[in-house]
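Single-structure report; data block below.
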Amino acid sequence: MRELLICKGATFSYEGMAVIKEADFTAFEGEYLCVTGENGSGKSTLIKGILGLKQPAAGKIEYAGGLKKREIGYLPQQAAVKKDFPAGVLEVALSGCLNGMGLRPFYNKADKERARECLELMGVYRLKNRSFGELSGGEQRRVLLARALCSAKRLLVLDEPVSGLDPSASRELYDTVKMLNEDRGITIIMVTHDIDAALTYANKILCLDCGKAFYGTPEEFSASHEGKKLYGGHRHA
Amino acid sequence: MRELLICKGATFSYEGMAVIKEADFTAFEGEYLCVTGENGSGKSTLIKGILGLKQPAAGKIEYAGGLKKREIGYLPQQAAVKKDFPAGVLEVALSGCLNGMGLRPFYNKADKERARECLELMGVYRLKNRSFGELSGGEQRRVLLARALCSAKRLLVLDEPVSGLDPSASRELYDTVKMLNEDRGITIIMVTHDIDAALTYANKILCLDCGKAFYGTPEEFSASHEGKKLYGGHRHA
Amino acid sequence: MPDILRMFSYPFMARAFAAGVAVALASSLLGVSLVLKRYSMIGDGLSHVSFGCLAIAAALNWSPLAVSLPVVTASAFLLLRLNESKRVYGDAAIALISTASLAVGVIVVSLTTGMNVDVYNYMFGSILSITQTDMILSIVIAVIVCGVFALLFHRIFAVTFDEPFSKATGLNTDVYNTLFALLTAVTIVVGMRLVGALLISGIIIFPPLAAMRVAKTFRKATVLSAIISVICFFAGLTMSFALNLPAGASVVALNAAVFIIMFAAGLISSAVMKRKV
Amino acid sequence: MPDILRMFSYPFMARAFAAGVAVALASSLLGVSLVLKRYSMIGDGLSHVSFGCLAIAAALNWSPLAVSLPVVTASAFLLLRLNESKRVYGDAAIALISTASLAVGVIVVSLTTGMNVDVYNYMFGSILSITQTDMILSIVIAVIVCGVFALLFHRIFAVTFDEPFSKATGLNTDVYNTLFALLTAVTIVVGMRLVGALLISGIIIFPPLAAMRVAKTFRKATVLSAIISVICFFAGLTMSFALNLPAGASVVALNAAVFIIMFAAGLISSAVMKRKV
Amino acid sequence: NEGGGEGLLIVAIAYAPYDFAKEVTAGTGAEVKMLLKPGTESHTFEPTPQDIIALEKCGLLIYTGGESDSWAQKILSGLSNKSLKTVVISEIEGICEEHGEEGHEGHSHEDPHYWTSLKNSRLIVSAIAQSLEEIDPENAPAYRENASAYNQKLLELDERFEELIAGAPRDTIIVADRFPLKHFVEDYGLKYYSAFDGCAAESEVPAATVALLSDKVRELNVPVVFIIELSNGNIAKTITQGTNAKIKTFYTCHNVAAADFERGLSYYDMMSENYRSLGEALI
Ligand SMILES: Nc1ncnc2c1ncn2[C@@H]1O[C@H](COP(=O)(O)OP(=O)(O)OP(=O)(O)O)[C@@H](O)[C@H]1O
Ligand SMILES: Nc1ncnc2c1ncn2[C@@H]1O[C@H](COP(=O)(O)OP(=O)(O)OP(=O)(O)O)[C@@H](O)[C@H]1O
Ligand SMILES: [Mg+2]
Ligand SMILES: [Mg+2]
Ligand SMILES: [Zn+2]
């Protein structure tokens with residue numbers, strides 16, 4: 001397996017306070033990595049670091065194996081929803097295709113087909129002419145997921161993808177992501193609070209907890225102290 | 001049991017398109033009502049109708065048993081987070097106490113104590129001097145939950161309270177809500193996609209699905225068509 | 001510097017200090033919410049509205065103030081209440097109303113034969129030309145604004161921060177919004193007449209924005225904004241006397257300088273913080 | 001009405017139509033993003049900046065245009081790029097820069113012996129006094145703006161709608177933001193010089209806001225905004241000729257009327273919809 | 001605190017009255033100050049504390065009155081200077097009578113640029129002199145003498161205008177600008193076409209008016225199109241395009257450019273310049 005992402009002693013801080021201290025891990029091509037941890041443990045911060053939206057205060061995060069930014073798909077945790085923004089659902093999904101277009105100014109048939117496919121996968125193709133700002137919370141989430149799917153060529157980064165989704169949508173999302181990972185070899189990095197799903201689908205788990213991090217396979221995680229703490233208290237365990 | 005909220009043939013629509021058609025149900029004092037349904041089925045719309053934030057196009061929603069608006073606590077599904085708004089966490093939580101203050105202009109000891117207590121319940125008292133806009137998604141959710149707890153005297157309305165919370169916070173939230181419901185007799189209306197939790201805690205379930213609604217006890221729901229559809233496919237069933 | 005102390009011996013300077021501090025206090029308190037609600041340009045916008053009013057008043061041969069005071073107050077009120085329907089952004093609403101007023105004003109001026117009025121005349125206020133009555137008026141307004149603002153402080157915060165929540169949990173948001181709009185309209189309109197549109201606009205934006213650079217809570221932001229505003233006013237007027245500069249512009253320039261310093265301090269401190277880790 | 005057809009026989013009217021349509025097209029296209037980014041008041045704000053520039057130019061005895069063109073362009077650029085750091089709201093940034101410029105201008109005027117020019121002459125262009133060269137300039141600018149805008153259309157949408165996503169997925173947001181800021185700065189500054197600050201402000205806000213009343217997608221909003229703008233310009237200038245009204249103000253007033261109609265139509269249709277259910 | 005406080009201080013808001021006061025007080029040691037800065041409109045003017053102190057100290061204030069400088073009246077109302085005397089130009093006896101009202105719904109908007117009429121100017125000069133004589137009886141003879149000498153100059157210029165216009169082949173001027181010249185044209189019965197009717201700062205020209213002016217330039221084949229000082233002359237450029245008409249400035253003496261102020265261009269100089277320009281325009 002090729003390396004795709006190398007995180008070397010990356011420290012992230014806000015106003016001088018470190019939230020992630022010297023995180024070290026390497027993600028390999030084709031992996032399915034779940035990131036968990038308490039609220040405020042720095043998961044979204046790490047994701048932003050991986051995507052270059054936030055600079056590490058120390059250490060670094062490097063892309064390897066020729067990974068380029070425009071091969072990445074991303075679902076933010078909170079999208080700044082602009083209520084009155086005249087953005088059609090199809091326009092939003094299509095904007096995920098932009099990173100594959102190079103210098104071509106307009107969308108072509110393939111882009112439109114891809115957007116349609118992704119919207120259908122998320123079950124919101126029927127909303128394609130609606131305005132994004134009018135949708136329900138879950139519908140907006142689904143559209144943004146469709147956009148993320150459109151833009152993911154080698155790496156898909158999802159920050160709490162199932163939050164706000166109904167159970168059947170969550171199930172379908174997990175299936176879709178699994179399919180992308182297994183069939184198309186797209187590497188997945190997913191922040192989630194759904195430990196069950198993480199243990200079921202992931203082949204690597206990164207658990208950030210108050211500064212120190214766990215990194216390993218689901219089996220190792222289940223056996224570990226952090227895993228016990230989280231999973232042990234879990235209702236379905 | 002006294003009636004608290006009577007929904008009579010309430011229809012809600014956006015731009016002439018009905019999303020809820022003639023919903024009929026009655027919530028009694030001390031009940032724990034869970035509202036579920038697919039994304040876009042109108043749960044949040046119904047909540048807004050109950051809180052008077054959206055007027056029904058037909059029918060009506062009435063408060064009974066002397067319920068007043070200022071006895072209600074509310075957690076919105078999406079709070080319009082204003083990034084640069086200088087709002088302290090304590091200020092936000094305290095603002096939940098306003099509805100119990102009558103004409104008194106300033107917070108008193110009891111209000112501050114209440115806010116502290118609610119923040120502690122949600123595990124975010126240590127963040128009390130932070131700015132709300134800087135918090136992580138889950139931390140913000142917790143603060144807003146604390147605010148909702150502060151303002152709930154007889155009725156607590158929660159729109160997807162556990163979305164974005166980590167497992168231990170979710171567990172604590174469920175415990176807290178149960179305690180409020182059982183010990184303090186506060187009526188709960190909770191929108192959730194977590195069917196397991198709904199079946200465990202609720203004593204009434206309202207399932208909105210594409211126009212027609214199911215209303216009954218968890219047992220009835222498990223046996224019903226809608227319940228089977230949702231629950232049957234659920235991973236943990 | 002006995003020369004600078006001498007400035008208090010002029011009655012007009014004493015009045016300017018008294019009235020100016022009152023107006024500075026009131027506007028900077030309201031300013032925090034105004035900036036957060038995206039009404040930073042409200043002072044500028046309203047000065048254009050009053051141009052339109054004056055043109056119409058001149059055309060109809062009515063008393064300029066009789067037309068402009070009520071109309072400008074009403075516009076301010078309308079602007080602030082428009083926001084709630086959430087159908088138009090605050091700044092867009094200001095732009096709409098002010099541009100339309102300008103256009104109407106220009107058309108009316110052109111339709112009237114031989115209008116020579118430089119309509120800005122009526123808008124023109126200067127902190128140095130305040131009369132005894134004006135001074136008392138501005139102090140009364142400031143006392144009312146500060147009093148009502150203090151009493152409603154927590155409610156104004158709640159309504160500005162999250163109106164749906166406040167409404168849902170039984171706060172009478174309409175009353176608070178109306179009161180706030182009323183206070184703002186009166187403060188801006190009277191302030192504009194007395195101390196000039198430039199100074200009023202300056203006080204509404206600079207102190208709150210400077211305060212928000214460093215304050216993390218609404219209370220701190222408000223208090224800091226008031227302090228900055230009053231200090232800048234004092235220093236600005238003194239500077240104006242000492243260096244013989246226009247009064248209002250000096251106060252605004254000083255406010256701007258404080259903002260820039262705060263801004264730079266914020267940037268530098270975060271850069272330093274970053275390096276420390 | 002042969003009288004109205006006669007208007008094309010005047011070269012200055014022909015030039016006004018040509019240049020005006022060009023400017024109307026370019027500004028209304030950019031206007032949609034500007035309004036969404038909370039830059040509705042940018043025209044007004046920049047006209048104050050240019051006042052400050054003129055004051056400084058007069059003080060230094062420099063050519064007014066030599067100072068104001070680069071400084072105003074730079075300010076526009078700065079304003080638009082400031083937004084990205086997300087540390088200052090768009091409208092607040094405009095208020096800051098414009099109020100500070102006014103204050104500096106007033107101080108500079110008072111420090112120097114005075115000015116050599118009536119500033120209003122420099123700030124208010126007139127669509128009717130456009131020269132051949134100006135007309136060609138505005139058409140060239142419009143062609144460039146429309147061309148670049150069309151080519152970047154989807155990218156401008158993506159960056160305006162969700163910049164972090166665009167950046168994270170490898171779009172060069174800096175390039176697009178810079179290009180957009182550049183186009184806007186040039187359009188506004190040149191437009192202000194040629195057709196006046198009032199007309200430019202009017203075209204930037206009214207057509208986009210009117211279009212956004214009814215359009216649900218960015219593309220529809222943009223196209224509709226351009227159509228409204230061009231039609232209103234044509235009708236407004238004709239009206240100015242037929243009824244002997246000021247040219248720029250007529251165009252703006254007509255734009256405002258269209259906005260009000262759209263607004264009312266939106267309200268009525270939603271009320272009717274409500275009743276139907 | 002220099003001895004300047006001792007001498008008589010006269011403040012005028014606009015340029016023409018300022019210049020008159022200088023003429024009247026020549027050689028008496030009185031100080032004359034103009035409140036407006038050269039080259040500025042009143043709405044970019046903001047007083048400094050020294051401006052107000054000057055008003056507090058001054059013996060005589062000269063302003064137009066009426067709608068045009070209400071801001072000055074506002075400043076006045078806040079002053080504690082009890083000994084301040086004023087000359088309100090619009091209230092000088094005889095200043096409006098000649099022209100009467102133009103029958104516009106009772107009262108039309110009076111042009112406040114009274115000094116564009118040399119006849120009015122003489123009245124203003126006399127009024128200033130008279131007030132000064134009362135305030136400062138010691139120098140009364142000097143004031144009287146200065147005023148009558150200056151008025152004599154103005155009268156001669158007035159007669160030359162009269163002659164020029166009576167003998168000229170043309171009787172129409174075109175002013176492609178704001179029009180603060182009502183009093184001037186009424187004095188000599190000149191006809192005019194102008195872009196605007198008045199002198200409002202915030203005005204914009206209608207398309208039909210530009211069309212009319214450009215027609216007139218061609219129809220009358222005028223040699224000169226006028227603009228007023230401090231103007232950019234854009235409309236004039238538009239309507240003279242393709243014709244031989246020259247563009248010339250007609251001074252209204254409301255305010256002057258900083259450069260002109262510094263080189264001491266006086267009211268008399270400007271009106272003489274107007275005489276020369278008019279001479280070319282009426283050929
Ligand atoms: N402002 C609006 N204008 C038009 N349609 C709207 C608006 N708000 C919601 N809708 C539509 O109404 C329907 C119900 O929305 P609502 O937010 O109530 O759904 P929900 O059940 O809460 O869904 P979710 O689980 O995603 O939160 C959705 O189809 C949505 O697209
Ligand atoms: N802009 C900011 N300024 C200051 N502190 C911040 C900022 N953003 C986040 N933080 C703090 O950094 C910590 C990590 O935030 P982050 O969003 O990465 O958490 P998270 O693990 O994603 O949590 P959640 O599960 O709630 O989404 C939190 O304690 C948060 O309060
Ligand atoms: Mg997060
Ligand atoms: Mg919902
Ligand atoms: Zn004038």
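Residue numbers start from 1 in every chain, and the chains themselves are labelled A, B, ... in the order their sequence lines are given, proteins ahead of strands.
At a 4.5 Å heavy-atom cutoff, Ser240(D) makes no contact with chain C through either its backbone or its side chain. For Ala256(C), the part sitting under 4.5 Å from any heavy atom of chain D is the side chain, from C-beta outward, and nothing else. When heavy atoms are compared at a cutoff of 4.5 Å, Leu96(C) approaches chain D by way of both its backbone and its side chain. For Leu209(D), the part sitting under 4.5 Å from any heavy atom of chain C is the side chain, from C-beta outward, and nothing else. Only the side chain of Asp44(D) comes within less than 4.5 Å of a heavy atom of chain C; its backbone N, CA, C and O stay farther away. Residue Ile97(D): no heavy atom, backbone or side chain, is found under 4.5 Å from chain C. Heavy-atom distances place no part of Val104(C) under 4.5 Å from chain D, backbone and side chain included. Contact of Ile260(C) with chain D is not made at all, since no heavy-atom distance falls under 4.5 Å.
Atom CG in Leu243(C) sits 9.5 Å away from atom CD1 in Ile107(D) (nearest 0.5 Å). Distance check, rounded to the nearest 0.5 Å: CG of Leu199(C) to CG of Leu102(D) gives 12.0 Å. One distance of note links CG of Leu198(D) with NE2 of His48(C); it measures 9.0 Å at 0.5 Å rounding. Distance OG1/Thr99(C) to CD1/Ile203(D): 11.5 Å, rounded to 0.5 Å.
Ranking Gly202(D), Ala92(D), Ser201(D), Ser250(D) against chain C, the residue ahead of the rest is Ala92(D), based on heavy-atom pairs under 4.5 Å. Between chain D and the options Val251(C), Asn244(C), Val252(C), Ile205(C), heavy-atom pairs under 4.5 Å are most frequent for Ile205(C).
Closest approach of Ser40(C) to Ala95(D), counting heavy atoms only: CB-CB, 3.7 Å. The two residues Arg38(C) and Gly90(D) make their nearest non-hydrogen contact at NH1-N, 4.4 Å.
A heavy-atom distance below 4.5 Å is found between the side chains of Ser98(C) and Met41(D). For the pair Leu111(C)/Leu245(D), a side-chain contact is recorded, criterion being any heavy-atom separation below 4.5 Å from C-beta on.
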